[in-house]
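Everything below concerns the one structure shown next.
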Amino acid sequence: MACQRGALIVLEGVDRAGKTTQCKMLVQALQKSGRPAEAMRFPDRTTTIGQLISAYLEKKSELEDHTVHLLFSANRWELVPTMKKKLEQGITLVVDRYAFSGAAFTSAKPGFSLEWCMKPDVGLPKPDLVMFLQLSPAEAALRGQFGVERYETRVFQNAVQQKFELLMKDSSVNWQVIDASKSVEEVHRDITVHSLNAINKAEDIPLGQLWT
Ligand code: ADP
Ligand code: 2DT
């Protein structure tokens, strides 16, 4: 008998919203409750393409803006066969950033339309659930300083937040806004409720294609 597929669950949000913390907690909680689950993150810096992206983010190399945008997208596409295989095996994937970060970050740069930025990711596996961890810049500031990587400035992060807000207007994607200012445990509870819902629904419907 074919096993029911796993769900594709994505966490998005600005810097320090708690994405990494919550992805880890969600995967652990799902595994503990007997549901196969694995964490993924984009960019995946372990691949050859990912290493080019990582050097760019660490400011060890320069890449033309269109070029790096397409590399971020290629980094997702190169993982698609693995993702599909795992989902088909019934494994739920909990993904830290996806195409939404891709479109939001590049379109926050001058001269890039959101529409152009979305194009290379059209047709990727469509998440069953995208949770946007909402946190104000003031609250993010309480969680520590910005890091030293590219994009980690207040002005740029504010521009990115505005682009995320545009992306969230798209009702073809199952967006859920999570109040990320609550305690780690409270946020985890909210995220778990939405995730269990998505996992149950995903069992009965085929995996979709993003932005088609
Ligand atoms: P992101 O991956 O979104 O950048 P992290 O999960 O790395 O965020 O969290 C950023 C910082 O904020 C870490 O020091 C983490 O311990 C802390 N943090 C995460 N969630 C919360 C929360 N709900 N309340 C307070 N601090 C948090
Ligand atoms: P972290 O590894 O700390 O999440 O930082 N980004 C990410 C893009 O510009 N485009 C993308 O497609 C993705 C997935 C967001 C990664 C940085 O790279 C940005 C922050």
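Counting starts at 1 for both ligands and their atoms, in listed order. Heavy atoms only: backbone and side chains are in, while hydrogens, waters and symmetry mates are out. FYI, the numbering just counts along the sequence from 1.
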Item to check | Enumerated ligand 2 atoms positioned under 4.0 Å from heavy atoms of F42 | outcome: 14 (C)

Checklist entry - Does a sphere of radius 6.0 Å around CD in E64 hold more than 12 heavy atoms from other residues, nucleotides or ligands, not counting ones at 6.0 Å or beyond? => result yes

Next on the checklist: Are any of the N/O atoms on R76, whether in the backbone or the side chain, positioned under 3.5 angstrom from an N/O atom of ligand 2?
Outcome noted: yes

Next on the checklist: Under a 4.0 Å threshold between the charged nitrogen and the carboxylate oxygen, would K19 count as salt-bridged to E12?
Outcome noted: no

Next on the checklist: Is a donor from one side chain sitting under 3.5 angstrom from an acceptor on the other, for Q157 and T153?
Outcome noted: no

Item to check | Ring centers of F72, F42 separated by less than 6.0 Å | outcome: no

Next on the checklist: So that I can tick it off, tell me whether K59 and E152 are bridged by a salt bridge, with the cut-off set at under 4.0 angstrom between side-chain N and carboxylate O.
Outcome noted: no

Next on the checklist: So for ligand 2, is R45 a polar contact partner (N or O within less than 3.5 Å, distance only)?
Outcome noted: yes

Item to check | Sub-4.0 Å heavy-atom contact, R150 with ligand 2 | outcome: no

Item to check | Atoms in ligand 2 with a heavy atom of G102 nearer than 4.0 Å | outcome: 10 (N), 11 (C), 12 (O)

Next on the checklist: Below 4.0 Å, non-hydrogen atoms only: which portion of T106 touches ligand 2? Side chain, backbone, both or neither.
Outcome noted: neither

Checklist entry - Which protein residues have a heavy atom under 4.0 Å from ligand 1? => result V14, D15, R16, A17, G18, K19, T20, T21, R143, A180, K182, S183, V184

Checklist outcome for this item: Closest to atom 9 (O) of ligand 2 among protein heavy atoms sits F105 CB, 3.2 Å

Checklist entry - So, are D65 and K109 salt-bridged, with charged N and O less than 4.0 Å apart? => result yes

Checklist outcome for this item: In short, side-chain hydrogen bond (donor to acceptor under 3.5 Å, both in side chains) pairs touching residues 128-143 with sequence neighbours left out are R5-D128, Q134-Q161, S136-E139

Checklist entry - A103 and W211: which non-hydrogen atoms are nearest, and at how many Å? => result CB-CH2, 4.2 Å

Item to check | Protein heavy atom at shortest distance from atom 7 (C) of ligand 2 | outcome: F72 CE2, 3.6 Å

Item to check | Protein contact to atom 16 (C) of ligand 2 [nearest heavy atom, distance to 0.1 Å] | outcome: P43 CD, 3.7 Å

Checklist entry - Looking at F100 versus F164, is the centre-to-centre ring distance below 6.0 Å? => result no

Next on the checklist: Between E186 and S183, is there a side-chain donor-acceptor contact under 3.5 Å, judged purely by atom types and distance?
Outcome noted: yes

All N/O donor-acceptor pairs, side-chain side in residues 194-210, below 3.5 Å, sequence neighbours left out:
residue: S195; atom: OG; partner: I191; partner atom: O; Å: 2.7
residue: N200; atom: ND2; partner: L196; partner atom: O; Å: 3.3

Next on the checklist: Could you work out, with side chain to side chain donor-acceptor pair (under 3.5 Å) as the rule, every residue matching T212, not counting sequence neighbours?
Outcome noted: none

Item to check | Numbered atoms of ligand 2 (with element) below 4.0 Å of L57, judged on heavy atoms | outcome: 16 (C), 17 (C), 18 (O)

Checklist entry - Looking at ligand 2, does any of its N/O atoms fall within less than 3.5 Å of an N/O of R97? => result yes

Checklist entry - What part of H69, side chain, backbone, both or neither, has a heavy atom within less than 4.0 angstrom of ligand 2? => result neither

